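Written below as C-alpha cells is the structure these notes are about.
Nothing here was measured: the structure is a model prediction, and the numbers come from that model. No hydrogens, no waters, no symmetry mates; every other heavy atom, side chains included, goes into these values.
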Amino acid sequence: HFCFVTPRAYDVDRTLSHYFATVLIQHNIISNSTSQYLLIIRFSLFHCTSGIFLKSSLLHKHILLTMGSKSNKKSASGIPTCVVDNDVLNKNTVGKMDDIGLSIFAKLCGMNRGVFVLDPPDGKTYGCTSFPEVFSTNADVPSWYTVKDSAHFTQSFKTGELTAEQTVDIIDQYVSTVYQSSVGNSDNPYGCEVNGLAKLENCPSTTDTPRSLRQDGDIVKSVTLAGAFVPEEWVTGGRVLSMEEVLDFYSYKEFKNMSKLGVNTVQIPVPCNAFIGVGEIADTITTMLKDVSKAGLNAILTLVETKNADEQIITMTESVNDRITAAAKFANDAPAIIAIQLPSPLPSLVSAARAASTTLPVLVPVNKGELASMGFPPDRFLFAALDVGASTSVADVASSDSEGDRMKMFYHENIVCIDRSPIEYLDCYRDMPVYVTSGFDLAVDNCINKDDENFEDYGQCNRFDETIGSGWWERHRQSLASRQLFTYSKGLGFSFSGWKLYGDDDDESIGKIDSPEKLLCLRDVAAAGLLPPIDSIGNSTLNEACLNGPKADFAMGDKTLAPTPAPPPDCGNGWWNYTINDCSYWIPPPPTPQPTAAPFACPSCETQPLSTKYMVSAALVGAVAALVLNWLVKKMFGRGDGYSSLP
C-alpha cells in the first residue's frame with residue numbers, strides 16, 4: 001500500500017494496477033506467472049490519475065525502497081556530461097569547418113550570462129573572453145604558449161600555432177565545462193545543443209532498455225504507408241482506397257523496391273478500432289504482412305484515432321483501452337510487427353497495451369514541446385515516438401516571394417541539426433530511446449494541404465514551379481536531406497513520410513519533383529538524387545552533414561551578379577568619361593608634341609686602302625698643279641702695288 005499525501009484522495013482503477021504489476025514483473029519482484037488480474041494494489045492519490053506518471057521517479061523510488069530492485073544499471077551514480085562527438089568533429093574534420101567561432105562560440109558564449117566555472121572551483125570565473133590555463137595544459141599545449149580566450153584560440157588554429165588535435169581537445173573541454181556550469185540540464189532538452197556537434201555521455205539507466213527495436217540491433221529505417229488504412233488526401237488525391245486497391249498500391253514489388261533502397265521496416269497507420277472483432281482492415285493487414293516479411297522487412301503499427309460519418313471520436317477511457325488492448329494483442333501475435341505506437345501519451349493507454357503483452361515494444365507519441373514533461377514508470381520496452389514536423393507554425397511555412405521561399409529553406413536547414421539534442425535528451429534523462437515517427441521529408445511548407453477548407457494561405461504555395469530544375473533548390477534540398485538523415489539516425493531510427501503517390505506508376509515520372517507532394521515520397525526524392533543512400537548512415541561523409549551551417553546564398557538564388565567592367569584607362573589628372581568614352585579634364589593638358597621627321601642619314605661610300613706609290617704620285621701632281629696656277633695668276637694680274645718683297 002502506497003500513500004501520496006495530496007488534497008483529495010481516490011483509488012486508481014484496475015488499469016493502473018495492471019500497469020504497476022507489469023513494473024514489478026520487469027524488476028523480477030513478482031513472478032511472470034502471477035496473474036496480473038489477481039494482483040490488487042491500491043494507491044491513495046489526491047489529484048489526477050496521470051499525476052502519478054508525471055512523477056514517475058517518486059513511484060520508482062517507493063518501489064525500490066519498499067521491495068528492492070533487481071534491475072541492472074549501466075551507470076548507477078552516473079552524471080550525464082556533454083562532450084564533442086568525435087565521429088563528427090575530430091583532427092581530420094576540424095580543418096573543414098568554415099568558421100569555428102560561428103559553429104561553437106556563437107552558440108555557447110551567451111549561456112549562463114556568458115560565464116562558466118571549473119569543477120572543482122579554483123576561485124575564478126571564466127568566459128569566452130577569458131579561458132582557464134588548464135584548457136591549454138590538458139591539451140598538451142607548450143608551457144610557453146597559453147590560449148587566452150576564444151578569439152585568440154580561433155586565430156591560433158588558423159595560424160598553425162595549435163594542432164588539429166589540440167584544437168579539438170580545447171573545444172571538448174569548453175563544451176563540457178559550459179554544460180557542467182549550467183543549471184537545470186535535466187529539464188532542458190536543448191542543454192547539450194551545439195549545432196549537432198556534441199552528444200550526451202554517461203547516461204544512467206534504471207531499466208536497461210534496449211537501444212534498438214529490431215532483433216538484428218540495427219536502427220529502424222522505415223517508410224510510412226501513407227493513405228493505406230488512414231485517408232491521406234495528398235497521397236490518394238482525395239480518394240479513400242478499397243482494401244483491394246490498398247494491396248495493389250502497396251504490393252510485394254513495392255516492398256522489394258523499398259528494401260533495395262535500404263529500408264528495413266514499414267510504418268503502417270491504422271485506425272484504433274481496426275482490431276475489435278473480425279474486420280476487413282485487420283484481414284488486409286494480415287495479408288500485407290506476408291508480403292512485408294517476404295521482402296525481408298518488419299512493421300510498426302501506428303494507431304490513429306479516426307472520425308467518420310457514422311462514428312464520433314471515441315473519448316471514453318474504457319472503449320479506447322479495449323481497442324488498444326486488441327491492437328496490442330494482434331501486434332504481439334504477428335511475427336513481422338516489432339512495435340506498436342499509441343495514438344496519445346495517456347498512461348492508461350500504456351497500461352491497456354501492457355494488459356496484452358509485457359514485452360511488446362510500445363511507442364508513446366510526443367512533440368518537441370512536451371519533452372521536458374515526459375515521465376512514465378520504468379518500463380524496459382517503452383519508447384518515445386517523436387514528431388519533428390516542419391509545418392506546425394507560421395514561422396515554419398509563411399513566405400510570399402522567391403527570396404522568402406529560399407530564406408525559409410535556409411532556416412529549416414539551420415535548425416534540423418538542433419533536433420539531435422532532444423533525441424538524446426529523452427534517452428539520457430528519461431530513459432526513453434527515441435524513434436522519429438513523422439516529419440522526415442523535404443517539404444518546408446504545408447502546401448500538400450492547400451485544398452483543405454481550413455488551409456491558411458500566406459503566399460507560400462504560389463511559386464513551386466520556380467523550384468523545378470533550379471540548381472539552388474536541388475543543392476539545398478540535398479543539404480536538408482543529409483542533415484535530417486544524420487540527425488534522425490541518432491535514436492532508434494526514423495520513418496520517411498511516404499513512399500509514392502497513388503496512380504503515379506509511370507517510370508518516366510519517378511524522380512521528377514514536379515509537385516509539393518513528391519517531396520514527401522521516398523521513392524521520388526531518392527531517384528532525384530536528393531537523399532543520400534540510407535545505408536550511408538555512420539560513414540564519414542554523412543557524419544560531416546552538420547559540421548558547417550548551410551550556405552547563405554538565399555538572396556540571389558540561381559541568379560549571378562553581372563560581370564564587373566575592366567578598370568578605365570589612366571587619365572592622369574583627369575577622369576575617364578564614360579559618356580564620350582574618353583578622358584576629361586578640368587584644365588586640359590598641353591597638346592601632345594607632333595612627332596618630328598626621322599633624321600636623314602648620309603650615304604656612305606666604301607673606300608679602298610691607298611698604296612705608297614699612289615700617294616707619291618698624287619703629291620707630285622698636286623705640286624705641278626700649284627706651280628702652274630701660280631704662274632697663271634702672276635701672268636694675268638701681275639704683282640700688286642704697295643707690296644714689298646719679304647727678305
Side-chain angles (χ1 to χ4, degrees), residues 213 220 222-236 239-251 254-255 258 263 265-293 295 297-315 319-346 349-350 352-357 360-365 383 385 387 435-438 495-500 502 520:
L213 295 175
V220 172
S222 175
V223 60
T224 301
L225 305 188
F229 304 106
V230 176
E232 290 285 2
E233 293 188 3
W234 67 269
V235 178
T236 63
R239 293 189 54 197
V240 177
L241 303 182
S242 67
M243 294 301 98
E244 292 77 12
E245 290 173 324
V246 168
L247 292 177
D248 182 63
F249 185 26
Y250 294 112
S251 64
E254 299 299 337
F255 295 135
M258 296 175 191
V263 172
T265 309
V266 292
Q267 179 172 287
I268 310 176
V270 294
C272 285
N273 62 352
F275 305 98
I276 292 289
V278 179
E280 188 180 20
I281 292 180
D283 292 341
T284 305
I285 292 176
T286 300
T287 302
M288 178 182 288
L289 289 176
K290 294 178 182 178
D291 288 337
V292 169
S293 296
L297 307 178
N298 290 115
I300 294 175
L301 280 188
T302 302
L303 302 180
V304 180
E305 293 180 351
T306 60
K307 179 181 179 180
N308 55 45
D310 301 323
E311 181 182 19
Q312 297 296 321
I313 295 178
I314 300 299
T315 57
S319 297
V320 173
N321 288 350
D322 290 343
R323 296 180 176 193
I324 299 301
T325 301
K329 186 178 185 306
F330 177 90
N332 193 58
D333 294 339
I337 297 177
I338 59 175
I340 186 173
Q341 180 175 321
L342 302 178
S344 68
L346 291 176
L349 301 187
V350 179
R354 286 287 169 253
S357 172
L360 175 68
V362 174
L363 298 164
V364 180
F383 307 91
D387 174 17
Y435 164 69
V436 175
T437 182
S438 58
S495 186
F496 203 85
S497 294
W499 172 244
K500 70 174 187 176
Y502 183 74
L520 286 76

If I take atom [atom1] from residue [X] and atom [atom2] from residue [Y], how far apart are they, to the nearest 0.5 angstrom?
X: L289; Y: N298; atom1: CG; atom2: CG; value: 10.0 Å
X: M243; Y: D283; atom1: CE; atom2: CG; value: 10.5 Å
X: D248; Y: E254; atom1: CG; atom2: CD; value: 9.0 Å
X: L303; Y: I268; atom1: CG; atom2: CD1; value: 11.0 Å
X: I281; Y: M288; atom1: CD1; atom2: CE; value: 11.0 Å
X: C272; Y: D322; atom1: SG; atom2: CG; value: 12.0 Å

Taking all non-hydrogen atoms of both residues into account, name the closest pair between [X] and [Y] and its distance.
X: P343; Y: I324; result: CD-CD1, 3.7 Å
X: F249; Y: A226; result: CE2-O, 4.1 Å
X: L363; Y: I300; result: CD1-CG2, 3.9 Å
X: P345; Y: P365; result: CB-O, 3.6 Å
X: Y502; Y: T236; result: CB-CA, 3.9 Å
X: F383; Y: P361; result: CE1-CB, 3.7 Å

For V270 and F275, run side chain to side chain contact (heavy atoms under 4.5 Å, CB included): C-alpha distance rounded to whole Å, both residues' side-chain angles, the deciding distance at 0.1 Å, then the answer.
CA-CA 9 Å; V270 294; F275 305 98; 3.9 Å; yes

Can you confirm whether the side chains of Q341 and T437 place a donor and an acceptor under 3.5 Å from each other?
yes

Consider only side-chain N and O atoms of T265 and S222, and report whether a donor and an acceptor are under 3.5 Å apart.
no

Are more than 12 heavy atoms from other residues, nucleotides or ligands located less than 6.0 Å from atom CD of E233?
no

For the backbone of G498 and the side chain of T224, can you confirm whether one donor and one acceptor N or O come within less than 3.5 Å of each other?
no

Determine yes or no for a side-chain-to-main-chain donor-acceptor pair under 3.5 angstrom, with R323 supplying the side chain and A274 the backbone.
no

What do the steps show when you test V266 against W499 for side chain to side chain contact (heavy atoms under 4.5 Å, CB included), and what is the final call?
CA-CA 10 Å; V266 292; W499 172 244; over 6 Å; no

Validation: residues 329-340 side-chain donor-acceptor distances under 3.5 Å, sequence neighbours left out:
| from | atom 1 | to | atom 2 | distance (Å) |
| --- | --- | --- | --- | --- |
| K329 | NZ | D333 | OD2 | 3.3 |
| N332 | OD1 | S357 | OG | 3.1 |

With sequence neighbours left out, write down each residue that passes ring pair (Phe, Tyr, Trp, His ring centres under 6.0 Å) with F255, or none if nothing qualifies.
none

Worked check of side chain to side chain contact (heavy atoms under 4.5 Å, CB included) between V362 and R354:
CA-CA 9 Å; V362 174; R354 286 287 169 253; 3.6 Å; yes

Can you check side chain to side chain contact (heavy atoms under 4.5 Å, CB included) on F496 and M258, steps first, answer last?
CA-CA 11 Å; F496 203 85; M258 296 175 191; over 6 Å; no

